[in-house]
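Note that these values count all heavy atoms, side chains included, but never hydrogens, waters or copies made by symmetry.
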Amino acid sequence: MTSDLPRPTDNAFLGKNVKGGSHEPTYAGALSFMRRRYSRDLSDVDLAVWGIPFDASVSNRPGARFGPQGVRRASAIFDGDPQYPFQMDPFENLACVDYGDCVFDYGKNADIPGHIQAQASEILSSNTHLFSIGGDHFVTYSLLKAHVAKHGPLALVQFDAHQDTWSDEGDRIDHGTFTGRAVREGLIDPERSIQVGIRTHAPETCGLEIVYGHEMDDLGIKGVVERIKDRVGGGTAYMTFDIDCLDPAFAPGTGTPVSGGLSSREALSILRELGTLNFVGGDVVEVAPAYDHADITSIAGASVALTYIGLLAERKAKET
């Protein structure tokens, strides 16, 4: 009987394979990231998209625990089409699943970083590339630990309004300290790491290069891309994108918005040109749908994820 239906639905559960678009109605069906099949079977899977609904470390407005839901919902409008600006469906050759969400007890915050790291490590042990959707920015600390255990110290490419290098004795769960902590613990190489879009000041830079928000006009997109590539070089790298890197006009749905940020076009154009970097993992964080309007921020978060995934798809196409 289902063969007589005009369009398929619920690919998230009924999809027969992990490649290709589903072509579902954008307004209906079971939601997953880009209608990818929900699965924890990583056999022959290139990429797992994973949600981390945690926001207990925020210093201002909570709500990023709903970020994975928001980004998944917003991604539905892109499914099935050739993805701009790649002119292809990245999932035609890139086998991808939605791995669901991280599991933890919200009442035991001290245990959560370990749960994130352990579950991320389990995904990475299958040689599957991991892209995560937060959640507040503290989750990147645990993700870095999992990726470094597999790949060794990494360069960090951080899109953000904040440096996140505030002091931390190692016992805080705080989204404003993870970068400094990662430097002190040797997870990232500060001499190969860079922060883009910064519009606040912290007591120390921890040795990372900074592209401030006010420098965007003078540098331009090409200038920023050159600085990122020169800084990172050819080694392994991790990309983290705090949605508050964008100006609140383009991302109102976040916990700690700061005026003067990048436009969506600028940020996506920069990310689009980073395909030569050896990213081994990435995330988008701090999407808080409760403060959003018309899914503007969730759409931006989904677009960041899709641009990153497009880079992976291009890389795989060149390898095959």
Just wondering, more than 12 heavy atoms not from Glu191 lying within 6.0 Å of its CD?
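Counting other residues, nucleotides and ligands, CD of Glu191 stays at 12 neighbours or fewer.
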Is the closest basic N to carboxylate O distance between [X] and [Y] below 4.0 Å?
{"X": "Arg181", "Y": "Glu185", "result": "yes"}
{"X": "Glu122", "Y": "Arg40", "result": "no"}
{"X": "Arg192", "Y": "Glu209", "result": "no"}

Please determine whether residues [X] and [Y] belong to a single hydrophobic cluster, defined as Ile, Leu, Val, Met, Phe, Trp and Tyr linked transitively by side-chain heavy-atom distances below 4.5 Å.
{"X": "Leu156", "Y": "Ile198", "result": "no"}
{"X": "Phe86", "Y": "Val304", "result": "yes"}
{"X": "Leu246", "Y": "Val211", "result": "yes"}
{"X": "Leu154", "Y": "Ile116", "result": "yes"}
{"X": "Leu268", "Y": "Leu219", "result": "yes"}

Could you tell me whether Arg199 sits above the aromatic face of Tyr212, with NZ or CZ closer than 6.0 angstrom to the six-membered ring centre and within 45 degrees of the axis?
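No, Arg199 does not lie over the aromatic ring of Tyr212.
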Charged tip of Arg65 within 45° of Phe54 ring normal and under 6.0 Å
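The answer is no, since Arg65 fails at least one limit relative to Phe54.
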Report the C-alpha separation of Asp164 and Asp160 in whole Å, then their side-chain angles, then the decisive distance to 0.1 Å, and conclude whether the side-chain contact (heavy atoms from CB on, under 4.5 Å) test is met.
CA-CA 9 Å; Asp164 296 335; Asp160 209 323; 2.9 Å; yes
Test Glu286 against Arg61 for salt bridge (Lys or Arg N to Asp or Glu O under 4.0 Å), laying out the working first.
CA-CA 10 Å; Glu286 298 282 358; Arg61 303 186 303 202; over 6 Å; no
When you measure from the side chain of Asp98 to the backbone of Phe33, do you find a donor-acceptor pair of N or O atoms at a distance under 3.5 Å?
yes
ring-ring contact (aromatic ring centres under 6.0 Å, His included) with Tyr106: which residues, sequence neighbours excluded?
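Once residues adjacent in sequence are excluded, Tyr106 has no partner under the ring-ring contact (aromatic ring centres under 6.0 Å, His included) criterion.
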With a 4.5 Å cut-off on side-chain heavy atoms, are Val285 and Phe241 touching?
no
Just jot down the side-chain contact (heavy atoms from CB on, under 4.5 Å) partners of Ile296, sequence neighbours excluded, or say none.
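For Ile296 the side-chain contact (heavy atoms from CB on, under 4.5 Å) partners, ignoring immediate neighbours, are Pro252, Asp292, His293.
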Using distance alone, with no hydrogens and no angle criterion, decide if [X] and [Y] have a side-chain donor and acceptor under 3.5 Å apart.
{"X": "Thr179", "Y": "Gln158", "result": "yes"}
{"X": "Ser57", "Y": "Asp136", "result": "yes"}
{"X": "Thr177", "Y": "Asp168", "result": "yes"}
{"X": "His162", "Y": "Thr256", "result": "no"}

Worked verdict on Asp283 versus His137 for side-chain hydrogen bond (donor to acceptor under 3.5 Å, both in side chains):
CA-CA 9 Å; Asp283 63 58; His137 217 160; 4.6 Å; no
With a 6.0 Å cut-off on ring centres, are Tyr238 and Phe279 close enough?
no
State yes or no: are the ring centers of Phe178 and Tyr141 separated by less than 6.0 Å?
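No - the distance between ring centres of Phe178 and Tyr141 does not fall below the 6.0 Å cut-off.
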Asp41 vs Ser39, test: side-chain hydrogen bond (donor to acceptor under 3.5 Å, both in side chains). Steps then yes/no.
CA-CA 5 Å; Asp41 179 3; Ser39 178; 5.2 Å; no
